[in-house]
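The structure appears below as structure tokens.
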Amino acid sequence: MRGWWILILLVGLSGCALPRAGEAPEPEPLVLGNTLIDEDTLWSGQVLIDGWVKVARGVTLTIAPGTEVAFVRRDLTLDGLGDATIDVDGRLIARGTRDAPIVFRSAEASPQAGDWLEIQSNFSPEVHLQYCEIRDSAHGIHAHFTRGVIEDCIIRNNIDGTRIGNSRFVIRNNLVEHNISKGINFRDSRIEVTRNIFRYNPAGIFLFELDRDSPIHQNNFYANEYHFRLGDFFTGDVYPRDNWWGSADPAVIAAHIYDSRMDDEVGTVTPAPAPGWRAGSGPRDALDLVPVASYSTAGFVDAPPLVAGDRLLVASWDGTLSALDAQGRQVWRRQLGEVLDAPLAADGERIYGQSWKPEVFALRLRDGRPLWRFPYAPSPADDHRQGGVVLLDDLVLVPAWNGTLHALDKLTGTPRWSFDSGAALRAAPALDEERIYLADTGGRLSALDLQGQLLWQWAGDEPLLAVPQLIPQGVVVLGRGGTLRAFSRDGEILWQQELNETCFYAAPVPVDTTLVVATAGSGLWRLSAATGEVIWRAQLSGPSYATPLVHRGRIFVGDNDGTLEIFGLDGGDSLARTTVSGAIQGAPAIFQDHLVFGARDGALHRLRIEDRLP
């Protein structure tokens with residue numbers, strides 16, 4: 001290898017943290033200026049490119065899983081685009097894994113599309129990218145007279161995700177999103193485009209001119225301005241088949257395809273659409289769940305386990321609250337005298353919750369010693385699910401069965417203020433910087449200021465049993481009849497979606513710009529948080545009362561048949577499941593890299609997640 005090597009400690013790339021005693025120092029990044037690679041080379045760790053790197057003909061550049069390749073933005077050509085590039089005349093093999101993807105990105109503190117130019121290949125016999133993330137570039141993969149495979153990758157925040165001409169590529173199982181011009185752009189090539197997800201692009205697929213009968217099938221398109229667009233010089237016909245176009249309505253599909261119906265000088269796209277979401281799309285995932293241990297109580301474990309630092313807190317219907325350490329050993333157990341089924345809260349020193357007495361309590365996290373208790377008046381609504389307590393600055397907010405939201409002093413339990421909603425409260429309130437959103441069984445959504453004064457109230461005709469959830473536009477609530485509604489922060493209804501499935505205590509989960517919803521109608525839904533439009537629906541094995549957990553691109557959800565199932569977030573495919581002998585009615589959690597959940601078999605279950613990638 002010949003080139004310019006710059007041996008510096010790269011603060012911005014490596015974080016520059018000093019190693020702790022006994023720890024090996026972080027390896028210095030490989031920093032390359034204008035460099036010719038003329039022998040087989042392996043990159044790993046962190047690589048910084050400031051200029052061009054060329055892979056000579058007959059030479060293979062291999063990039064190891066987990067490698068980060070960052071590009072310095074320099075615009076010496078004054079065209080508004082970064083100049084840094086990898087230019088491949090030989091072979092490029094960059095095959096990461098789901099847990100250790102290879103990342104090609106901008107090195108800038110505030111990355112933008114176009115910060116670096118491209119990965120270019122000319123007359124390359126092999127370019128193979130798998131489990132890579134390609135972002136912040138001008139042209140992504142720019143190939144001519146090349147054979148290649150792009151699979152299981154995320155292609156986002158580029159100007160164009162690809163520019164491919166006179167080549168043969170397989171592009172499968174990728175997520176192509178948020179590119180500011182085109183997702184996949186090609187001409188005069190045979191490109192097999194299968195099982196990809198295209199979303200949030202001005203054009204998902206752009207076919208510039210000429211086509212060598214490229215198969216385009218089993219993809220999912222949604223939320224693009226145009227799912228498929230023909231270029232000004234394309235005059236032929238294209239017949240994509242078995243793709244989901246975000247709708248079953250032919251008029252809606254046509255509105256998102258740019259062809260002869262919009263410009264009579266270009267060709268025609270004639271889709272044979274799939275009837276619904278295509279399974280098996282996006283980056284592939286597979287895993288196994290391996291039981292590790294369980295912790296038994298004498299009652300249902302409905303409350304979700306709470307991770308508090310290096311402790312895991314487990315509440316039971318037998319009235320006990322237990323703290324477990326990282327190895328699952330009991331550190332302490334406290335008998336509180338009544339059923340515990342509500343989500344807990346902790347602040348690093350104390351644990352807060354409520355029991356069926358009804359009573360609010362605070363315990364010391366270190367040893368479970370009681371600090372204070374606050375009883376409140378019972379009501380005819382007792383003996384049902386309680387809402388979780390929520391911390392707000394120096395207050396504990398307690399949704400009570402009797403319809404009162406209590407605000408208690410965290411240190412003493414002294415009441416500071418209260419709000420009477422008029423109906424039983426089954427769910428914790430949601431908080432933003434200025435408001436408290438409270439849902440009640442009378443069907444009302446109340447917005448309070450942080451001092452408990454009513455700002456506005458909306459009344460519906462179905463009980464609201466699930467926690468309201470914040471979205472960028474405001475707040476969403478889910479009714480028992482399956483109506484999902486979004487409100488602005490000032491109480492205006494922005495949209496509503498009828499799921500037509502009964503919904504109990506499982507709350508919508510905001511993730512990215514979407515919502516994940518589990519229902520008692522055995523449905524798992526992903527919807528747009530901006531519009532309420534359905535992206536996909538998956539079938540659960542039983543009715544769910546449990547709020548899902550979304551973690552590292554996976555959805556973990558339990559149901560009343562005792563099944564804990566894991567789904568892919570983007571594709572909605574079932575990845576793994578395990579079954580216990582009692583209903584799972586609380587959200588699972590991740591503790592010490594293990595999956596933990598409680599069930600009505602009286603136990604907390606702990607499992608190891610093992611990747612089993614294809």
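Note: hydrogens, waters and symmetry copies are ignored here, and every other heavy atom, side chains too, is used. None of these values were measured; they are calculated from a predicted model.
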Please check: side-chain N/O of [X] versus main-chain N/O of [Y], any donor-acceptor pairing under 3.5 Å?
X: Y222; Y: S247; answer: no
X: S137; Y: N158; answer: no
X: N224; Y: F198; answer: yes
X: D512; Y: T514; answer: no
X: D341; Y: A315; answer: no
X: D152; Y: R284; answer: yes
X: T547; Y: A506; answer: no
X: N201; Y: A203; answer: no
X: N219; Y: R195; answer: yes
X: W244; Y: A279; answer: no

Look at the rings of H178 and Y200 and say which category their plane angle falls in: under 30° parallel, 30 to 60° tilted, over 60° perpendicular.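 Because their plane-to-plane angle is under 30°, the rings of H178 and Y200 count as parallel.
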
For [X], all residues meeting salt bridge (charged side-chain N to carboxylate O under 4.0 Å, His left out), sequence neighbours excluded:
X: R444; answer: D440
X: R480; answer: none
X: R435; answer: D490

Min side-chain heavy-atom separation [X]-[Y] under 4.5 Å:
X: F504; Y: Q585; value: no
X: R552; Y: D99; value: yes
X: I197; Y: W277; value: yes
X: D310; Y: D325; value: no
X: S574; Y: E565; value: yes
X: D561; Y: L540; value: no

Got a sec, which pairs hit salt bridge (Lys or Arg N to Asp or Glu O under 4.0 Å) with one end in residues 536-546, sequence neighbours left out? E501-R537

If you look only at pairs with a residue in residues 397-413, which of them pass as a salt bridge (Lys or Arg N to Asp or Glu O under 4.0 Å), with sequence neighbours excluded?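 Applying salt bridge (Lys or Arg N to Asp or Glu O under 4.0 Å) to every pair that reaches into residues 397-413, excluding sequence neighbours, yields D347-K410, D409-R416.
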
Taking atom [atom1] of [X] and atom [atom2] of [Y], what is their separation to the nearest 0.5 Å?
X: L549; Y: I555; atom1: CG; atom2: CD1; value: 10.0 Å
X: F597; Y: L564; atom1: CZ; atom2: CG; value: 4.5 Å
X: D601; Y: T297; atom1: CG; atom2: OG1; value: 8.5 Å
X: W495; Y: L484; atom1: CH2; atom2: CG; value: 4.0 Å
X: I351; Y: F361; atom1: CD1; atom2: CZ; value: 8.0 Å
X: I590; Y: R554; atom1: CD1; atom2: CZ; value: 9.5 Å

Compare every heavy atom of [Y] with every heavy atom of [X], then report the nearest pair and how far apart it is.
X: A599; Y: I584; answer: CB-CG1, 4.1 Å
X: N402; Y: T404; answer: OD1-N, 3.1 Å
X: N174; Y: C153; answer: OD1-N, 2.7 Å
X: L438; Y: P429; answer: CD1-CB, 4.1 Å
X: Y505; Y: R426; answer: CE2-CB, 4.3 Å
X: L287; Y: A576; answer: CD1-CB, 3.2 Å

Decide whether [X] and [Y] meet the rule of one side-chain donor and one side-chain acceptor closer than 3.5 Å.
X: T563; Y: S541; answer: yes
X: T483; Y: E462; answer: yes
X: S106; Y: D136; answer: no

For T519 and T502, run side chain to side chain contact (heavy atoms under 4.5 Å, CB included): C-alpha distance rounded to whole Å, both residues' side-chain angles, the deciding distance at 0.1 Å, then the answer. CA-CA 6 Å; T519 75; T502 301; over 6 Å; no

Report the C-alpha separation of D115 and R105 in whole Å, then their side-chain angles, then the decisive distance to 0.1 Å, and conclude whether the salt bridge (Lys or Arg N to Asp or Glu O under 4.0 Å) test is met. CA-CA 9 Å; D115 276 351; R105 63 171 177 86; over 6 Å; no

Qualifying residues under side chain to side chain donor-acceptor pair (under 3.5 Å), relative to [X], sequence neighbours excluded:
X: D432; result: Y437, R489
X: N220; result: S281
X: E533; result: T531
X: T97; result: none

Sequence neighbours left out, what passes ring-ring contact (aromatic ring centres under 6.0 Å, His included) with W317? Give chain and number order. F300, W356

Tell me, with the steps shown, if L445 and W456 meet side chain to side chain contact (heavy atoms under 4.5 Å, CB included). CA-CA 8 Å; L445 175 66; W456 55 263; 3.8 Å; yes

Any residue meeting side chain to side chain contact (heavy atoms under 4.5 Å, CB included) with Y226, in chain and number order, not counting sequence neighbours: R229, Y258, M262

Determine, step by step, whether H256 and W245 satisfy the side chain to side chain contact (heavy atoms under 4.5 Å, CB included) criterion, reporting the C-alpha distance in whole Å, the side-chain angles of both residues, the deciding distance to 0.1 Å, and the verdict. CA-CA 8 Å; H256 290 280; W245 301 93; over 6 Å; no

Report, one line per pair, each donor and acceptor closer than 3.5 Å where one atom sits in a side chain of residues 468-479; sequence neighbours left out.
| residue | atom | partner | partner atom | Å |
| --- | --- | --- | --- | --- |
| Q469 | NE2 | P508 | O | 3.4 |
| Q473 | NE2 | A529 | O | 3.4 |

Derivation of the side chain to side chain contact (heavy atoms under 4.5 Å, CB included) call for R526 and L569: CA-CA 8 Å; R526 194 176 188 197; L569 174 63; 3.7 Å; yes

When Y376 is tested against each of Q354, H406, E359 for side chain to side chain donor-acceptor pair (under 3.5 Å), which residue passes?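 Going through the options one by one, the only one that passes is Q354.
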
